[in-house]
Q: 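Supplied in structure tokens, the structure appears directly below.
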Amino acid sequence: MKSAFVKQFDVIHTILDKENPLTIGNGDFAFTCDITGLQTLCEEYTTIPLCTMTNLIWGKQKGIGDIPYRTYKKVSDHTNIEYMTDTAAPTYESYRDDWFKFDLFKLAFIYENRPLESKLIQNINQRLSLYEGVIYSSFSYLNQRIEVRTKIPQNHHNIQIEVKSELEGLQVRLYFKEPSSNRFGALPKESKDYKVEQNKIIRSTSYAEYILYYRTNMEEENLYFKCNGASFLTISLTNDFEDDTSMQSYFDKAKALDTLDEELNRRMVLSLYLMKVNTLGIYPPAETGLTCNSWYGKFHLEMHLWHHLGLIRFGLYEYVIPSLRWYLSIIDSSRVRAKQQGYLGARLPKMTDPRGVDTPSNIGCLLIWQMPHLLLMLDEILQQDKTALNLEEYLPLVTDLIDFMSSFYYLKDGKYHLDSPLIPANENVEFSCDTPIFEECYTLYAFQVFMRWAEEYSISYDFTKIKDILKNYVPLEIKNNCYEAYIGCEETYTKYNHDHPMMIGMYSYFQSSIVQPEIVYNTLLKILECWSLDDTWGWDFPMLAMAANRLGHKRLAIEILKKPALKNGYLKNGHNPQLPKEALPLYLPGNGAFLLAITHLFEGGQKNEG
């Protein structure tokens, strides 16, 4: 993607815009700032908080008491099975936020012992240079000019602040707030749980201990840094103060797609930027990345594909691979989970943290649609570049995931059904639902991909049960020439016409071979006619658009991508807020799914047919 194309979508502020803070980062370390280039006005930015966050440091506390299990009866063999779903248990919340991300520190401009006042900030000119990954801020305070350059290098975990100031007495203050798993990553109260020794700050809280290293040419006293002419302050998480220009390489490697639509291009370029600074790190990303906390900063594995499959198709797979490698570290715990639940192979968690443990949830623990994701992402990478990764490393886990999925099927009246309890991707139906359509199509598709792998890469595997499943799966439920949500469901388009419309999902980023295109088209039209689109999510619109495009209706696909809806808007800074949810002022799965749809519509990307 050419630099001139990227630069036309730089974000520029000339007024105080509290709804559109800007973020710099490298996928493992990020800093969100106000129009001063720091976090001076953090008390006034209450929608998207101004946080400093990282994948490298987590708050940790021990869940206390009994694990909140609830007992269910499996449909397949009528045995009892336990899941961490008891929301009424007194220990439920303590196990949900036992690991969390938090706000590492704050940086603010100080004048006469207090932060700058927003009403006195004038002549604002701030620019996020997307191609550089740098924020340039300039403004006047008491008629004195202040210029700020804020940057986080892509391969080094430090933040670089450069200040040119005419205002005598201006200071930069570094301070801390009490860590929290809340959206802000902190409580309002300031914290003094640190000490300063020889250009390093040693912080010891109840939840985490870490060291910050700094270099500066400013006079410092009690972490107040006096700005004097041309000043700099660099703060490092790892005692590494190197710089780089690797953000430019990232955009250079991205496929040069042009939708010929200014708004779609704006969303595309800003989404590429936001995914880089927030999500392309050593772990799968959280839904709000490193901008602020959602669900305690933990990551949701069923969202990983929405975050990153589009980036892979943009040719940026090398940046995704580190988060895929993380799965190899949780293979043992995933095997234990499957065995405890009476299944073969390995069962991935849904909501988790670097340890790969389950987080209690009355929904998350019952999902299975995250299981094929790794296979699909690896397959997409290998289709682009067979030398990009060593498949042998991943085969034990992929094979275990296939084992789990096949063992989740059981025979009933000569047909294979999915076991329950099971909550499908459209999370608004009961856990006792019979063989949800998306999960059935997706797992069968995964079997077909793995069978192709076996031929292509000479993989030895006993396909006896898988071939039997593919031959004798329970037929998809059709009513009034539309697909239903699950077997026996008669209320898909009435009682359940909100949340994710997954009865179209098997014709979006992959194409199931067991569906009828004419029924898919009827289903799409029915969804657009009766669905409560304000109660869907940001990735649902790209999913619907990809289905329309597969059916040969590109104009309709573009209309869906741009459809006015509460959760399908994109802010000036590129974020996709999930209104009216206060907890999700941004939603990166929406950005990632949008990028995936763009490759599908404008690159001839109708791949993944099975």
Side-chain angles (χ1 to χ4, degrees), residues 11-24 30-53 103-129 134-152 159-178 184-192 201 212 214 216-235 291-292 572-573:
V11 182
I12 296 172
H13 289 321
T14 55
I15 60 171
L16 176 61
D17 187 345
K18 299 176 185 177
E19 303 303 308
N20 284 279
L22 303 177
T23 300
I24 51 171
F31 180 85
T32 301
C33 67
D34 57 32
I35 47 88
T36 71
L38 300 183
Q39 297 159 332
T40 309
L41 309 175
C42 64
E43 305 302 330
E44 299 181 38
Y45 281 66
T46 57
T47 304
I48 298 177
L50 306 184
C51 298
T52 311
M53 289 192 156
D103 187 18
L104 295 176
F105 59 84
K106 286 278 191 280
L107 287 172
F109 280 117
I110 302 293
Y111 181 69
E112 294 186 343
N113 297 317
R114 61 184 180 185
L116 305 190
E117 296 181 53
S118 58
K119 66 183 179 181
L120 299 179
I121 297 174
Q122 298 178 325
N123 302 315
I124 295 166
N125 191 335
Q126 183 178 58
R127 178 170 64 91
L128 168 59
S129 173
V134 177
I135 297 172
Y136 297 94
S137 310
S138 65
F139 57 94
S140 297
Y141 196 79
L142 300 178
N143 295 319
Q144 301 298 303
R145 200 70 185 155
I146 300 168
E147 297 180 357
V148 187
R149 179 181 182 271
T150 316
K151 178 182 180 181
I152 289 179
I159 179 169
Q160 304 166 5
I161 311 296
E162 297 178 6
V163 182
K164 293 180 180 178
S165 171
E166 299 174 352
L167 182 62
E168 188 172 348
L170 181 69
Q171 296 175 302
V172 173
R173 183 190 178 207
L174 189 157
Y175 66 100
F176 302 96
K177 292 194 172 187
E178 188 68 28
F184 296 83
L187 300 175
K189 182 182 178 182
E190 286 195 25
S191 173
K192 301 293 184 181
I201 306 161
L212 302 176
Y214 65 90
T216 185
N217 66 349
M218 296 188 262
E219 296 179 23
E220 179 267 327
E221 183 176 353
N222 297 325
L223 300 184
Y224 285 78
F225 299 85
K226 185 177 180 181
C227 301
N228 225 338
S231 308
F232 76 86
L233 170 64
T234 302
I235 301 162
T291 297
C292 64
K572 183 177 180 179
N573 59 16

Q: So, taking the atom named CZ in Phe31 and the one named CD1 in Ile135, what distance separates them when rounded to the nearest 0.5 Å?
A: 8.0 Å
Q: Rounded to the nearest 0.5 Å, what separation is found between the CD1 atom of Ile12 and the CG atom of Leu128?
A: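 Result: 9.5 Å between the selected atoms.
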Q: I'd like to know if the side chain of Glu220 reaches the main chain of Asn222, judged simply by a donor and an acceptor atom lying under 3.5 Å from each other, with no hydrogens or angles considered.
A: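 Yes; judged by distance alone, with no hydrogens or angles, the pair exists.
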Q: Looking only at heavy atoms, what is the nearest atom pair of Leu38 and Leu107, with distance?
A: CB-O, 3.4 Å
Q: Rounded to the nearest 0.5 Å, what's the gap from CD on Gln171 to CD on Glu112? Could you check?
A: 10.5 Å
Q: Please tabulate, for the side chains in residues 228-235, all donor-acceptor contacts under 3.5 angstrom to protein atoms that are two or more places apart in sequence or on a different chain.
A:
unit_1, atom_1, unit_2, atom_2, d
Ser231, OG, Asn228, N, 2.8
Ser231, OG, Asn228, O, 3.3

Q: Any side-chain to backbone donor/acceptor pair from Asn125 onto Ser138? Under 3.5 Å, distance only.
A: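 Looks like no, no N/O pair under 3.5 Å.
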Q: Would you say NZ of Lys572 has more than 12 non-hydrogen atoms from neighbouring residues, nucleotides or ligands within 6.0 angstrom?
A: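 Enclosed.
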Q: Apply side chain to side chain donor-acceptor pair (under 3.5 Å) to Glu219 and list each qualifying residue two or more places apart in sequence or on a separate chain.
A: none
Q: For the backbone of Gly37 and the side chain of Thr150, can you confirm whether one donor and one acceptor N or O come within less than 3.5 Å of each other?
A: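 Yes: the side chain of Thr150 pairs with the backbone of Gly37.
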Q: Is there a donor-acceptor pair under 3.5 Å between the side chain of Asp103 and the backbone N or O of Thr52?
A: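 Yes.
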Q: Would you please name every residue forming a side chain to side chain donor-acceptor pair (under 3.5 Å) with Ser118, sequence neighbours left out?
A: Glu44
Q: Quick check against the 3.5 Å criterion: does Gln39 have a side-chain atom that pairs as donor or acceptor with the backbone of Thr32?
A: yes
Q: To the nearest 0.5 Å, what is the distance between CD1 (Ile121) and OH (Tyr141)?
A: 6.5 Å
Q: Among Gln126, Glu147, Arg127, which residue satisfies the side-chain hydrogen bond (donor to acceptor under 3.5 Å, both in side chains) criterion with Ser137?
A: Gln126
Q: If you measure from CZ on Phe139 to CG on Leu167, what distance do you get to the nearest 0.5 Å?
A: 9.0 Å
Q: Is any side-chain heavy atom of Ile146 closer than 4.5 Å to one of Tyr111?
A: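 Heavy-atom side-chain distance check fails, nothing below 4.5 Å.
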Q: Test side-chain contact (heavy atoms from CB on, under 4.5 Å) on Val172 and Thr216; report intermediate values, then the result.
A: CA-CA 11 Å; Val172 173; Thr216 185; over 6 Å; no
Q: Checking Thr36 now: which residues fulfil side chain to side chain donor-acceptor pair (under 3.5 Å) with it, not counting sequence neighbours?
A: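 Listed in chain order: Asp34, Thr40.
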Q: Of all heavy-atom pairs between Leu41 and Leu116, which one has the smallest distance, and what is that distance?
A: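 That closest heavy-atom pairing would be CD2-O, 3.6 Å.
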Q: Hey, mind stepping through Tyr214 and Phe225 against ring-ring contact (aromatic ring centres under 6.0 Å, His included) and telling me if it holds?
A: CA-CA 11 Å; Tyr214 65 90; Phe225 299 85; 5.5 Å; yes
Q: Taking all heavy atoms of Cys33 and all of Pro21, pick out the closest pair and write down the distance.
A: O-CB, 3.4 Å
Q: For a 4.5 angstrom cut-off between non-hydrogen side-chain atoms, does Asp17 reach Ile35?
A: no
Q: With rounding to the nearest 0.5 Å, note down the distance linking OG in Ser140 to CD in Gln122.
A: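 If I round to the nearest 0.5 Å, the distance is 7.0 Å.
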Q: Given 3.5 Å as the limit, does a donor-acceptor pair link the side chain of Lys106 with the main chain of Leu50, or not?
A: yes
Q: Which pairs count as salt bridge (charged side-chain N to carboxylate O under 4.0 Å, His left out) when at least one residue sits in residues 136-146, sequence neighbours excluded?
A: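 Listed by first then second residue: nothing to list.
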Q: Donor-acceptor pair, His13 side chain versus Asn20 backbone, under 3.5 Å?
A: yes
Q: Is any side-chain heavy atom of Asn573 less than 4.5 Å from a side-chain heavy atom of Thr23?
A: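 No, every pair of side-chain atoms sits at 4.5 Å or beyond.
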Q: Where do Phe184 and Cys51 come nearest, in terms of heavy atoms and distance?
A: O-SG, 3.2 Å
Q: Under the criterion side-chain contact (heavy atoms from CB on, under 4.5 Å), I'd like the reasoning laid out for Leu223 against Tyr175: C-alpha separation, chi angles, the key distance, then a yes or no.
A: CA-CA 7 Å; Leu223 300 184; Tyr175 66 100; over 6 Å; no
Q: Which residues pass the side chain to side chain donor-acceptor pair (under 3.5 Å) test with Glu43, not counting sequence neighbours?
A: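 Side chain to side chain donor-acceptor pair (under 3.5 Å) check on Glu43 returns Lys177.
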Q: So, for Ile110 and Arg173, which heavy atoms are closest and what is the spacing to 0.1 Å?
A: CG1-CB, 3.5 Å
